[in-house]
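Values in this document were obtained by computation on a predicted structure and should not be read as measured data. We use all heavy atoms of the structure for the numbers below, so side chains are in, but hydrogens, waters and symmetry mates are not.
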Amino acid sequence: MGNLLLQMLGATVVSLKIFALTLLFSLPLAMLVAKGRMSKNPIISNIVNVYIMIMRGTPLILQLLFVYFAPYYIFGSSYDRFTAVIVGFVINYAAYFAEIYRGGIQSIPPGQYEASLVLGFSKTHTFTHVVAPQVVKRIIPAMGNEVITLVKDTALAQTIGVAELFRVAQNASARQFSTMPIFIAGVFYFIMNAFVSRSFDALEKKLNYYH
Amino acid sequence: MEIISLENVVKSFGSLEVLKGISFNLNEGEVLSIIGPSGSGKSTLLRCLTQLEQVDAGSITVCGQHMVTTKENKAVYANKQELRSIRLNLGLVFQNFNLFPHMTVLRNITEAQMHVLKKSKQEATAVAKKLLAKMGLQEKEKAYPCQLSGGQQQRVSIARALALNPAVLCFDEPTSALDPELTSEILKVIKDLAKEKMTMIVVTHEMAFARDISDRVIFMDDGLIIEEGKPSELFENPKNPRTMRFLNRYE
């Protein structure tokens, strides 16, 4: 039993790594995607739109398989499984985050831009000091949803053979003819997400000083 | 000294012609009120002046700098830097304040001073505190806009505009979002500014107020200046039947 828990904790670290690296890269990438989606240049906005449609319109599990196997068929070589998982998760989540960012940015009243313009703010300053702080506050609930989903989605990494928490639990179940390891994995996911929800609640509270 | 001069300004939104050739001048220390029915183009005129909208034709000069001129029937704007410096000569107070909700009152007033005028934090804060005292809001510097009444918010937004020391302060229906009590609060502030010889353009529906503070009044309708004159003349002795009809409705 102690051995099993140790194994599962090790696998949880893998899951957390996928989680953290996905956020690290997809959060900033999503900003670029959102900007592209809102671009006045129809070529850029259309290309980005197609990208978002594919990412949201096909299963993540399929995208992971594609990211891992496509380079092998096209270039005859592939990168390691873990990298493939991160690439797959990042491009998928960036699409979802981008749409949340876009919703937030477009919800800022035009008066905020007009006031900034009349006061002589540069475009960059307007974005970083007027728009972005207000966007962050508005998108927190939607982002919370997405980040919680990401914790659970890390289980999909096993499709291309990365031994994360759920895979390890399943293997253990098969070995022991018991559903207990899977149930324990469920508790692990729940604890991780309790932590995520709490963090988002705290952030929401922190930004509650204005409305 | 002439601070603003507009000549034959034309502006359309699609096929809708909103300004059909507006010309007027504004001298230093003068208070100009623009009155007229909704949809007459008053606000659009102010928005063209403050570069929130681009004119289609005509010329605008602010403090001797050409903002836009017309060559072969097309409006030609000055380069970015010139436009920026012209913009800072004009302050604008909005109908719905447009304060930055995530910044304190103080920060709302210091932000542009620090970022645009490159003043130090101490300098900017000193200016802001002085303006807040003038607006009777010295205790509110740490408050956020959502904690203030509409009248207080509008006074903060006036302070924010004044902090950049503009040559002209423009008001776009500054009291339309306020109840009568709060309206008088704002009108008093504008009146005090008029006494200090602040050059101002006020778009308003408050006739008594326009009559009281203005050196000159413009009556606009359907994208044109119908009548222009001293408040005593325009309000007591309107020459144009359209002006008469409009003013009659207010009595």
Side-chain angles (χ1 to χ4, degrees), chain A residues 27-28 30-31 34-35 38-42 97 100-144 199-211, chain B residues 43 46-47 49-54 80-81 83-105 107-118 142-148 153 156-157 159-166 168-172 177:
Chain A
L27 289 174
M31 195 63 240
K35 285 266 172 198
M38 292 186 291
S39 168
K40 282 181 194 129
N41 182 335
F97 289 149
I100 296 175
Y101 290 177
R102 184 171 68 92
I105 291 169
Q106 289 178 342
S107 75
I108 300 300
Q112 294 290 304
Y113 292 96
E114 291 179 353
S116 306
L117 193 77
V118 170
L119 290 172
F121 293 173
S122 64
K123 273 193 177 151
T124 318
H125 191 81
T126 302
F127 188 77
T128 55
H129 286 70
V130 178
V131 178
Q134 298 185 60
V135 168
V136 169
K137 181 184 164 84
R138 285 172 192 227
I139 65 174
I140 282 177
M143 291 297 282
S199 310
F200 272 91
D201 284 350
L203 198 58
E204 208 171 323
K205 222 176 218 163
K206 193 167 172 247
L207 292 176
N208 234 351
Y209 64 87
Y210 74 93
H211 53 255
Chain B
S43 289
L46 217 50
R47 291 172 62 86
L49 202 55
T50 47
Q51 298 178 42
L52 292 175
E53 305 285 353
Q54 294 222 321
K80 263 190 179 167
Q81 257 166 349
L83 288 178
R84 204 172 146 90
S85 93
I86 291 170
R87 192 174 285 142
L88 293 181
N89 282 322
L90 297 164
L92 176 63
V93 174
F94 297 87
Q95 180 176 345
N96 41 9
F97 332 133
N98 291 337
L99 291 172
F100 303 125
H102 57 301
M103 296 181 187
T104 60
V105 163
R107 179 90 188 281
N108 261 283
I109 304 173
T110 54
E111 186 74 9
Q113 295 185 68
M114 280 153 56
H115 171 68
V116 181
L117 302 183
K118 308 289 176 207
K142 289 201 179 77
Y144 286 91
C146 62
Q147 298 166 316
L148 305 179
Q153 288 191 45
V156 173
S157 91
R160 181 175 73 173
L162 285 172
L164 294 180
N165 213 0
V168 183
L169 193 52
C170 304
F171 293 86
D172 186 7

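- Heavy atoms closer than 4.5 Å to chain A are found nowhere in B:Gln113, neither backbone nor side chain.
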Legend entry - Working for side chain to side chain contact (heavy atoms under 4.5 Å, CB included), residues A:Phe127 and A:Ile105: CA-CA 9 Å; A:Phe127 188 77; A:Ile105 291 169; 4.1 Å; yes
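- A 4.5 Å side-chain heavy-atom check between A:Leu119 and B:Leu164 finds at least one atom pair inside the cut-off.
- Neither the backbone nor the side chain of A:Tyr113 comes within contact range of chain B; no heavy atom of the residue lies under 4.5 Å from a heavy atom of that chain.
- Contact tally against chain A (heavy-atom pairs below 4.5 Å) for B:Ser157, B:Ala161, B:Pro101: the top residue is B:Pro101.
- Remark: A:Glu114 engages B:Arg47 in a salt bridge, criterion side-chain N to carboxylate O under 4.0 Å.
- The environment of B:Lys118 atom NZ is dense: over 12 non-hydrogen atoms of other residues, nucleotides or ligands sit within 6.0 angstrom.
- Per-residue heavy-atom pair counts under 4.5 Å with chain A were compared for B:Arg160, B:Arg87, B:His115, and the maximum is reached by B:His115.
- No side-chain heavy atom of A:Met38 sits under 4.5 Å from any side-chain heavy atom of A:Tyr101.
- When heavy atoms are compared at a cutoff of 4.5 Å, B:Arg84 approaches chain A solely by way of its side chain, counted from C-beta outward.
- By the 30° and 60° cut-offs, the orientation of the rings of A:His125 relative to A:His129 is parallel.
- For B:Leu117, no part lies near chain A; criterion is any non-hydrogen pair under 4.5 Å.
- For B:Phe100, the parts sitting under 4.5 Å from any heavy atom of chain A are the backbone and the side chain alike.
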